[in-house]
Participant: 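Okay, handing you the structure first.
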There are 2 protein chains.
Amino acid sequence: MQTLSSNASFGGIQHVIQHPSTSCNCDMTFGLFLPEEARDGPVPVLWFLAGLTCTHENAMTKAGAQAWAAEQGIALVFPDTSPRGDSVADDDAYDLGKGAGFYVDATQEPWAANFQMWQYLSQELPDLLAAHFPLDMARQAITGHSMGGHGALTLAMRLPGRFASVSAFAPIAHPTASDWGRKQLTAYLGTNEASWQPHDATLLMREAGFDGPVLIDQGTDDQFLDLLMPEALSEAMAKRRQPGSFRMQPGYDHSYFFIASFMEEHVNFHADALWSI
Amino acid sequence: MQTLSSNASFGGIQHVIQHPSTSCNCDMTFGLFLPEEARDGPVPVLWFLAGLTCTHENAMTKAGAQAWAAEQGIALVFPDTSPRGDSVADDDAYDLGKGAGFYVDATQEPWAANFQMWQYLSQELPDLLAAHFPLDMARQAITGHSMGGHGALTLAMRLPGRFASVSAFAPIAHPTASDWGRKQLTAYLGTNEASWQPHDATLLMREAGFDGPVLIDQGTDDQFLDLLMPEALSEAMAKRRQPGSFRMQPGYDHSYFFIASFMEEHVNFHADALWSI
């Protein structure tokens, strides 16, 4: 494990760390923000999963999350969105291969050798964080943007008890019914659609929901609304009587300007849940 | 004039605008954040001048300024740091030519044809903003980072009455005595050092100071301390009895993580001055 950079940030430290990943068979990089309080002992953790084309860096530099995490005394983890390196399979399209792991464990060639992002995020990286950093792993929450919102929602619903709360910014809400999903799930998991079901937030919401509060923000002027399908998840939440809020935010698009605008409310939403455990 | 992008941000809008510049003889691009209040009438303006290698984009996406500007109801302008385009002279070094205009009007070849950033920022861009946007040009303030801190301080001190307040993050404080300065001032202005004096914040502070409040933040772990020479400006401020604060911030470096950490205080500092005009 190697610290690539450490920058003072809002009284805490923003680290970038690289480590060999056994899940993904390559070096993986993540950002870790530790608030000042982490000097005195373990602090709660909020995960931020990023969207298509992103690395660990986008949200770490553009979402403005550290300001609010520092105020609440919680850590932030910014994982990468896929395996990386010359030996890792890729595709010419921006929405498949590197930068587009979709938070699944691939079973199909040429992806299976490295694209094990579910295993990486549900087990390997939490274990590594717990072993090396002052993090209170009994207090975790998760959020994400677009493909990362899909990842956050599916991880939260399929790992009951792991996360106190889940939120998402413009998540890919129903990938088994969208071109942002069907293409990638076919490539990574094959044509048997039954294997896709555990990776669709709308289907998981219909089946089981989440045992905690949910907050979704979606811009009304998002250029990808047809691919994101917010209506499917919104309907499923209401039908299940899932505690939570699905907010259509007037005028906002799919950019980090949208994310930054509502980050304070998301961090505070998670802090409420994390500190009441 | 052409709007390249507009994104909803914190209840307002973040525009990116391109226009032909008569000062720089090329197309110039700038970011303009308008808070919600600008829909109802003119709002005050805070300028942010960026550092070496930056464009209009860096601070616009990484400094987190919109959150606080929106709260205070003030606009933000993010100019570029140099002329741009294939016909514009450049140098292989990162600290000369494109991305390194140093906020001067070049008199030397090959720079004089385009590198007229002082004229552009002191006259052309303010005129354009006043003509086309709901900005209260009687209420302006200015800040910047590194080379942009140098630009902010020199513009503020040499245009008395223009800016209500000036601040800087890790400014190049004494360029006539530093390798970040002597090289560029020689290239742009020639070897007659008398022509450099109006572009040195420390010398201007010694001579005249600023008719308003000054706020400087400088990280103690900044990797460029020897080039920035904060001690020269700090001494000059104290010697002149300049109203203001020069703060050495423990542990912070030269990055946007440092800038973002103190942006709230800088925006609020300027808002106090802008709203008391």
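Chain naming here is simple, since letters A, B, ... match the order of the sequence lines and numbering starts at 1 in each.
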Participant: Under 4.5 Å heavy-atom distance to chain B, tell me which part of Met263(A) shows up: side chain, backbone, both or neither.
Facilitator: neither

Participant: Please state whether the side chain, the backbone, both or neither of Ser255(A) comes within less than 4.5 Å of a heavy atom of chain B.
Facilitator: side chain

Participant: Run the numbers on Met60(B) and Phe257(A) for side-chain contact (heavy atoms from CB on, under 4.5 Å), then give the verdict.
Facilitator: CA-CA 10 Å; Met60(B) 188 181 88; Phe257(A) 292 111; 3.8 Å; yes

Participant: Mind ranking Ala260(B), Gly219(B), Pro250(B) by heavy-atom pairs under 4.5 Å with chain A and telling me who comes out on top?
Facilitator: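 Counting heavy-atom pairs under 4.5 Å, the top option is Ala260(B).
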
Participant: Flag yes if more than 12 heavy atoms outside Asp179(B) fall under 6.0 Å of its CG atom; otherwise flag no.
Facilitator: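 Check fails, neighbour count at 12 or below.
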
Participant: Any idea which heavy atoms bring Ala8(B) and Ser261(A) closest together, and the distance?
Facilitator: O-OG, 4.4 Å

Participant: Tell me whether the count of non-hydrogen atoms from other residues, nucleotides or ligands lying under 6.0 Å of NZ in Lys62(B) goes above 12.
Facilitator: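 No, the 6.0 Å shell around NZ holds no more than 12 heavy atoms from other groups.
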
Participant: Counting only heavy atoms closer than 4.5 Å, note whether Tyr252(B) contacts chain A via side chain, backbone, both or neither.
Facilitator: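 Its backbone and side chain both get close to chain A.
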
Participant: Counting only heavy atoms not in Asp272(B), do more than 12 sit closer than 6.0 Å to its CG atom?
Facilitator: yes

Participant: Determine the option with the most heavy-atom pairs under 4.5 angstrom with chain A, choosing from Asp221(B), Asp253(B), Ile13(B).
Facilitator: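 So the answer, after comparing Asp221(B), Asp253(B), Ile13(B), is Asp253(B).
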
Participant: Identify which part of Ser6(A) has an atom lying under 4.5 Å from any heavy atom of chain B, answering side chain, backbone, both or neither.
Facilitator: backbone

Participant: Measure Gln66(A) against the heavy atoms of chain B and call it side chain, backbone, both or neither at under 4.5 Å.
Facilitator: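 Looking at Gln66(A), just its side chain touches chain B.
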
